[in-house]
Asker: 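My questions will all concern the structure given below.
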Amino acid sequence: MSDRQEEQIISSASEPIVETIDEIQEDGSIIRKTRTTRKITKRVLTTTTSVKEDTETQQRNHNHSQAITASESSESTLKDLSVGSAAEAISTGSSTTTTTSTTTTGAATTSSITATETAVASSSETTESEEVSEKSSTATTDETKRTFKFGGIFGKGDVDNHPLYRFLAKFPLKQSPAPHTRPRPVKPIVYAFAPGWKVGGQETEKQDNKDVEAEKKDNKETIIGSFDVDSLKWMAYLKFNQIDYDIKPAFEPTMSPSGKLPFLALPDGSLVTDEGFEQWVQENKPHSNKSESLNIHEAAEAVAFSTLTESKIHAALLYTLWLEAPHFQGTTRQHYFGHHKYYLGKLLNYMSKSNIVHSMLLTRTQIDRELIFEEAATAIEALSVQLGENEYYFGKSTPSSLDAIVFSYLHVILTLPRIRNAEDGGRSGELARMVKKHENLYKYSQNIWKKSFAA
Amino acid sequence: MSARQHTEEEFAAHRKRQQEFEEAAFKIQTLVDNVRHDPMKLRKITLNGVGKTREGFLRRILEPAFQARSLHEVIGLSRQAVRRMERFGIFEDIKIQLDSPKDSWLQDRKDLVDLGIWVKEGSRIQIRTGTEAGNAEASMYGALTVKNVFGGAETLSTSMAFGTRTSSAFQFALATPLLADPDKNLSINLYSQTRNNTQWSSYEEDLKGGALKYSTLSPFGYHELAYEGHWREVCRPSEKASLTIREQCGHSLKSALTHMWVHDMRDEPLLPSTGHFVRVIQEYAGLGGDVNHIRQEVEAQVARSNNTGYILSATVKSGYLHSLNGKPSKISDRFFLGGPMSVRGFKSNGLGPREGEDSLGGDAYMSAGVSLMTPFPGLAGLSVQPGQSATKTIDDLTKAPSVSVGTGIVYRHPQVRIELNFALPLMAAKTDALSRGWQLGLGINFL
């Protein structure tokens, strides 16, 4: 073959590198930007013989790059469909930044293009990609959100093809940015009954951990712990599994999809409630070989003990909080309805109490104080015996879910304020006294608090 | 020939009779005219047929008639008094008769006259059931009304309604006219209702409360001053509710003073062709309760038509909610915009701040609409409507309105106005819920 000056410009792209950057705007909201970087190599080939060999490899590379491009585009549109509102935050905050650097080294010009997540242009041109990608991104977001309700009326087939829909899709002619965007959370948020304990009005137990909790007069203090058993259980469990989270105080059980607080709001927008919580934690905890899992026997015992706790001790705690005057009118109302006006709080308190009584009567024919407290005492003793001198249950070095459950009950019982009221003869503190009789439980609760929360 | 004579005679007799009638009428007229300004007083008013109505109440109504000083005034004032009695709606039938006094020692007195009124009191208890269609909602209701409960034209009504947008509503109201004036009304309302907002905001709202209202007519228009106390609960968020809506769930207490002024000079409210209309509502919430804000809403409408039946009407609606204690506003107090009754071309309450599929409502809004109606059999209309809703500041309001344009057919039913529009949004925010194409609107208050 003669020396033909064949100029072939073939580009090949490398694997895309995705980096996520969180930028803090002036008004305090955080916008997450994802940058997809691909290196596109342009080869200008002039000789023929060398072209042949190179073409194949180049073509292979080209096909490969096209394949990457195609899969990338489908990926990003899928992401658009599933992420919903989060995508809006991204697309409104993102901008297509195109940096082109052309370095000519002999016969090869390498240009690197940085494009946003949604803008995928299978382009070998450099500057034009900016406008093209912007249009395509709006087109994809358009189509995923503004679908026609009666798309099938004019027959099957592609909705876009019908001239009426094509005409209608042009409207609105001009779009302005969304008036409200919610910044996407970075960490999962636990909506729980919080904050923990507040000093004021009642005398509190003198415990070491109390001062740390009590310093929440200043709003800037971080919230730790909770006065509600379920919320504290979740917080403890998350802490044990080293999952970082934010707490948002919430006092309305109706706000949760399952009707019970706490629930978890994940950064991608989905919510985790009671049923899926433990599974979610197990799936999302950072993998390390430090955690030891329980064997079959221990797991079965753990189930037994947790059931014991959640029925017997829970009943006694409910009785103390809701069915005995001193705590009911003071502590419980303050905790659960303190943010309402006084009389509304009282009314809601009474309404909740009748619900609690109703739920208690589902499992027993009558509410007998003696029986409940007797069973609770037995349960506490059993827990104490099982714990022995260990740091955590079953002698493990890291706490398990049983530890979370037991700790939450013990902590709430021990941190109930001591009501110095001669009328009730000290009955309101009976549950706390029962726990304190067992030194190891007391120390155990304090220990976990210090290690996981107060540290 | 005899037949013709016959008719001529008849014709002459007829004309003579007519003349006699005219002369007699003229005589009476001159008689009354001469006497009209003669001094005359009303001595006694006798009411017959009154059962439950209180004497003091009736006395207040009829008191002004005693100030008449001539026959002309006597007739005029007694007619006015009777009209006032009619307006209370408690009497079915009223007949009056003016006569000279029957007492023997007053035979000579030509300047005294007695008024006799015969009334028939209407039925006191009324039960109504039915269906009702209002602003894009329909409901079934049952109402029990007791009129004239305490003898002073007080109305006691209890009603129950179940509907599409207001899932259930119970209302108990006691209204009484003040100072025997049918224009001045004082009423106490107690209500409990559930509003279903799941379609546009994925939550339901329970509201229980009461209001004490005073309404009156003045030369400027209709005024209503009220004190409201509401206990509302935002609850039952649907599955797809966004986090912001979930965070709004909960109870709140509102204790507020409101004032409403309405000045309506339109020829008719449903489809006005001339006149103007202004309504201003102010609300100050802060006398106790959880919310402390000032809320203001203004609505104005102008309509002009020409002889050929073309009607041009323009409406402007705007509102502003300002929180006085720095806390963010609650969704129960915010404004919503959009829909076939408001800015057409958008889904119901679909404009403004939204999250996911939920409309969050705004603290300030502005909307306007201009329509041109043509005398199609049934009035077709062409309208242009910009609207904008914002949460943050007044600047946001004017930045980027959502504008739509459309055309359609309007049908004016005696109770309600029905519109079928083909509307297209020209400018919209990214998150606005659009409703391109056909839109049906049914209601009373249209933008």
Side-chain angles (χ1 to χ4, degrees), chain A residues 27 84-86 88-89 91-92 138 141-142 145-150 153 164-165 167-182 184-185 189 191 248-259 261 263 265-266 269-271 337 339-345 347-348 351, chain B residues 203-204 231 233-253 255 288-290 345-346 351-360 362 388-392 396 399-405 423-438:
Chain A
D27 57 342
S85 61
E88 287 166 32
S91 45
T92 50
T138 44
T141 43
D142 240 10
K145 280 193 304 155
R146 303 189 191 289
T147 49
F148 288 97
K149 228 178 8 172
F150 303 109
I153 278 186
L164 176 66
Y165 288 121
F167 170 68
L168 287 181
K170 290 207 182 78
F171 293 92
L173 303 172
K174 187 170 158 212
Q175 271 198 355
S176 42
H180 164 89
T181 45
R182 191 193 168 93
R184 214 155 66 134
I189 301 179
Y191 282 85
K248 240 200 180 137
F251 296 92
E252 275 300 316
T254 50
M255 71 188 285
S256 151
S258 64
L261 284 177
F263 70 97
L266 299 173
S270 59
L271 306 173
F337 307 107
H339 58 288
H340 288 131
K341 295 281 160 182
Y342 181 68
Y343 284 106
L344 181 63
L347 177 68
L348 294 173
M351 283 165 62
Chain B
Y203 72 93
E204 283 182 37
W231 169 24
E233 183 186 356
V234 174
C235 52
R236 296 187 286 275
S238 63
E239 283 296 317
K240 58 177 177 67
S242 57
L243 269 182
T244 312
I245 295 285
R246 289 187 190 276
E247 285 171 358
Q248 287 283 332
C249 287
H251 300 261
S252 69
L253 291 174
S255 161
D290 289 329
F346 297 91
L351 284 177
R354 286 171 68 87
E355 186 174 316
E357 286 181 36
D358 303 329
S359 192
L360 301 175
Q388 165 75 328
S389 172
T391 37
K392 290 191 194 131
D396 285 2
K399 247 195 265 179
S402 308
V403 185
S404 73
V405 77
L424 291 171
L426 296 177
M427 285 171 57
K430 234 176 178 157
T431 46
D432 286 343
L434 305 174
S435 175
R436 288 173 278 212
W438 297 104

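All values below were derived from every heavy atom in this structure, side-chain atoms included, with hydrogens, water molecules and symmetry-related copies excluded. Order of the sequence lines sets the chain letters (A, B, ...), proteins ahead of strands, with each chain counted from 1.
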Asker: Is it the side chain or the backbone of A:Ala265 that comes within 4.5 Å of chain B heavy atoms, both, or neither?
Answerer: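 Side chain only.
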Asker: Which pair of non-hydrogen atoms, one from A:Pro177 and one from B:Ala429, has the smallest distance, and what is that distance?
Answerer: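 It is O-CB, 3.8 Å.
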Asker: Passes side chain to side chain contact (heavy atoms under 4.5 Å, CB included), B:Arg246 versus A:Glu252? Steps please.
Answerer: CA-CA 9 Å; B:Arg246 289 187 190 276; A:Glu252 275 300 316; over 6 Å; no
Asker: As an exercise, state the distance from CG of B:Asp432 to CD of A:Gln175, rounded to the nearest 0.5 Å.
Answerer: 9.0 Å
Asker: I'd like to know whether NZ of A:Lys174 has more than 12 heavy-atom contacts from other residues, nucleotides or ligands below 6.0 angstrom.
Answerer: no
Asker: Mind ranking A:Leu348, A:Leu271, A:Ile189 by heavy-atom pairs under 4.5 Å with chain B and telling me who comes out on top?
Answerer: A:Leu348
Asker: Is it the backbone or the side chain of A:Tyr343 that comes under 4.5 Å from a heavy atom of chain B, or both, or neither?
Answerer: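 Neither part.
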Asker: Side-chain contact test, heavy atoms from C-beta onward, threshold under 4.5 Å: evaluate it for A:Leu347 versus B:Trp231 and give yes or no.
Answerer: yes
Asker: Heavy-atom distance under 4.5 Å to chain B: side chain of A:Tyr191, backbone, both or neither?
Answerer: side chain
Asker: Which bit of B:Glu357 is near chain A, if near means a heavy-atom gap under 4.5 Å: side chain, backbone, both or neither?
Answerer: neither
Asker: Is B:Leu426 close to chain A through its backbone or its side chain, or both, or neither, when contacts mean heavy atoms under 4.5 Å?
Answerer: both
Asker: For chain A, find which of B:Thr244, B:Leu243, B:Leu360 contributes the most heavy-atom pairs closer than 4.5 angstrom.
Answerer: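 Heavy-atom pairs under 4.5 Å are most numerous for B:Leu243.
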Asker: Contact part of B:Ser238 toward chain A, heavy-atom cut-off under 4.5 Å: side chain, backbone, both or neither?
Answerer: neither
Asker: For A:Thr254 and B:Cys249, work out which heavy atoms get closest and say how close.
Answerer: OG1-CB, 4.0 Å
Asker: Between B:Ile245 and chain A, which part of the residue has a heavy atom less than 4.5 Å away: side chain, backbone, both or neither?
Answerer: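 B:Ile245 has no heavy atom closer than 4.5 Å to chain A.
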Asker: Rounded to the nearest 0.5 Å, what separation is found between the OG atom of B:Ser252 and the NE2 atom of A:His340?
Answerer: 8.0 Å
